[in-house]
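Since the structure comes first, as structure tokens, the remarks are kept for the end.
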Amino acid sequence: MMGQGTPVIILKEGTSRERGKGAVYNNIAAAKAVADAVRTTLGPRGMDKMLVDSLGDVVITNDGVTILKEIDVEHPAAKMLVEVAKTQDQQCGDGTTTAVILTGELLKKAEELLDQNVHPTVITKGFNIAAEEAIKALKEKIAFEVKPEDDETLKKIAITAMNSKGVGLAREKLAEIAVKAVKAVISKKDGKITFDPGHIKIEKKHGGSVEDTSLIDGVLIDKERAHPKMPTVVKDAKIALINSALEIKKGEFDTHIQIRDPAKLQMFIDEEQNALKRKVEMIKKSGANVVFCQKGIDDVALHFMAKDGIFAIKQMKESDMVKLARATGARIITALDDLTESDLGTAALIEEKKIGDSKMTFVTGCKNPRSVSILIRGGTEHVVAEIERSLNDAIRVIGVTLEDGLAVTGGGSPEIELALHLRDFAPKVSGREQLAVEAFARALEVVPWALAENAGLDAINILIELRAAHEGKKGSKTMGVDVLSGKVADMLKLNVIEPVRVKTQAIHSATESAVMILRIDDIIASKKSEPPKGGGPGGGMPGGMPPMM
Ligand code: ADP
Ligand code: MG
């Protein structure tokens with residue numbers, strides 16, 4: 001034990017340090033600033049942000065996580081909010097703005113309690129109790145079941161996720177593609193569905209219309225064949241995936257040798273050609289009629305391949321090689337001598353097609369049907385980029401819904417329902433933690449509030465109406481903000497539906513990071529620029545944080 005009353009100096013003089021309440025308030029202010037920055041983007045009527053980096057590159061988006069990833073935040077507490085957005089994105093692919101503004105609002109409500117001298121430990125304990133209860137209520141009382149064959153609901157969920165993105169009228173078509181793509185690649189084991197978004201390959205080509213966006217039953221490669229004399233179509237493709245250059249190694253023949261005799265020179269050239277010819281013969285012997293090579297291919301080798309009717313692509317991306325291996329059943333080989341028929345993959349058709357002003361290669365009818373690609377088309381680079389983000393959200397929410405089999409209505413309806421639920425629940429919580437549970441309930445209302453505000457509505461009136469619509473025996477759980485008509489309406493009828501995980505995860509990570517920020521009572525500028533850790537001297541925090549759900 002440390003001696004009582006003897007100050008122990010652990011910091012060099014001049015180290016910047018902020019302690020106690022000041023530290024908490026400082027962190028809360030930074031986190032709130034980040035939350036406020038993305039708040040105006042929430043919902044279908046939310047505004048877009050234009051992000052310009054130091055090189056002048058522009059991203060126009062409404063996507064919470066994109067905004068937070070692109071902006072430079074310095075403050076450690078602000079960085080924690082960026083982490084909240086990233087976690088939400090990883091877990092659900094949607095709901096990033098919601099998670100961030102919820103964190104900001106929890107901290108704002110915590111600040112009010114701190115002002116009333118409620119201790120941070122009490123607040124964090126109450127927040128954890130409230131979050132656990134809210135997640136339980138969401139899953140058990142508010143959510144409804146979605147069957148895997150219910151394509152209509154899955155499409156509505158995809159459209160809801162895309163509502164706030166600038167993809168306009170193409171939503172319907174994109175939703176249909178997304179549902180088909182996800183259902184083509186999910187796997188079922190013991191009745192449990194799992195989805196890996198990595199199994200859907202997305203390629204984009206600007207030029208053309210969003211309506212031309214299409215689903216390809218196979219792998220789409222953004223490359224053309226390596227020699228004009230090669231066939232553009234190969235049926236019953238036997239595919240070799242090669243991870244080494246089909247070239248003569250530098251040094252093998254490229255060294256500086258003086259040849260005076262022209263006959264010797266010819267011999268030399270012949271030797272080089274023969275070596276390449278032998279390589280191509282090895283490929284041919286294996287039975288391959290298609291080659292995807294991750295490295296370069298010498299012109300002479302290409303010439304021999306073309307003569308043999310082999311279709312080849314060089315300088316393939318590694319990620320494409322991996323996808324092709326999975327889809328066609330081919331093994332990626334490095335040494336050509338090892339290539340045998342058993343290493344080859346198969347596909348019914350390989351075809352090079354002109355898309356816009358470039359050529360792409362379609363590998364369809366693959367051995368493993370669980371691999372699909374989506375080719376995004378759209379007027380400009382900005383348009384295809386935003387469609388890609390929307391489509392990614394759509395794919396993820398469909399996958400998450402299929403995995404969990406549970407959804408809720410959106411438009412602020414679950415948040416209002418939860419707020420009412422927690423108000424009823426609060427009296428069961430003993431001590432001052434009750435105040436924190438009530439504060440948590442009020443914080444949840446930031447979602448319908450922001451949706452209303454962003455739609456130019458009177459948020460106070462909307463909230464009063466919403467509470468009334470949810471309250472009592474005749475209350476409806478699905479009433480939310482219709483941002484288009486400006487009224488309170490039934491979100492089920494308006495087809496505004498979201499996976500339950502978007503909501504549970506947002507509550508989980510918002511609570512976790514709000515609690516973390518509240519537990520910091522000492523900011524010390526350390527040598528490494530790591531976020532400060534809690535539990536410094538003088539804070540009086542008991543050890544052991546209440547477990548998260
Ligand atoms: P996030 O990054 O949190 O997903 P969004 O900008 O995508 O943020 O907005 C999501 C919110 O918009 C959710 O609360 C969702 O229910 C709501 N929303 C989506 N479409 C509608 C709609 N047509 N009417 C009302 N609310 C909607
Ligand atoms: Mg969204």
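When a ligand or atom number is given, it counts from 1 through the structure's own listing order.
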> For ligand 1, is there an N or O atom under 3.5 Å from any N or O atom of G43?
Replying inline: yes

> Does D482 have a heavy atom less than 4.0 Å from any atom of ligand 1?
Replying inline: no

> Taking N or O atoms only and a 3.5 Å limit, does G95 qualify as a polar contact for ligand 1?
Replying inline: yes

> Taking NZ, NE, NH1 and NH2 as the nitrogens, is one of them in E438 or K109 under 4.0 Å from a carboxylate oxygen of the other?
Replying inline: no

> Any idea which N/O/S atom from D94 gets closest to the Mg ion (ligand 2)?
Replying inline: OD1

>> Under 3.5 Å between any N/O of G411 and any N/O of ligand 1: does that happen in this structure?
In response: yes

>> Are more than 12 heavy atoms, taken from residues, nucleotides or ligands other than E149, located less than 6.0 Å from that residue's CD atom?
In response: yes

>> So is K503 touching ligand 1 or not, going by heavy atoms under 4.0 Å?
In response: yes

> Should we say atom CD of E112 is surrounded by more than 12 heavy atoms from elsewhere, each under 6.0 Å from it?
Replying inline: yes

> Quick one: does T98 get an N or O within less than 3.5 Å of an N or O on ligand 1?
Replying inline: yes

> Does E386 come within less than 4.0 Å of R389, counting only side-chain N to carboxylate O?
Replying inline: yes

> Out of I398, I193, D151, which residue meets the side chain to side chain contact (heavy atoms under 4.5 Å, CB included) rule with K183?
Replying inline: D151

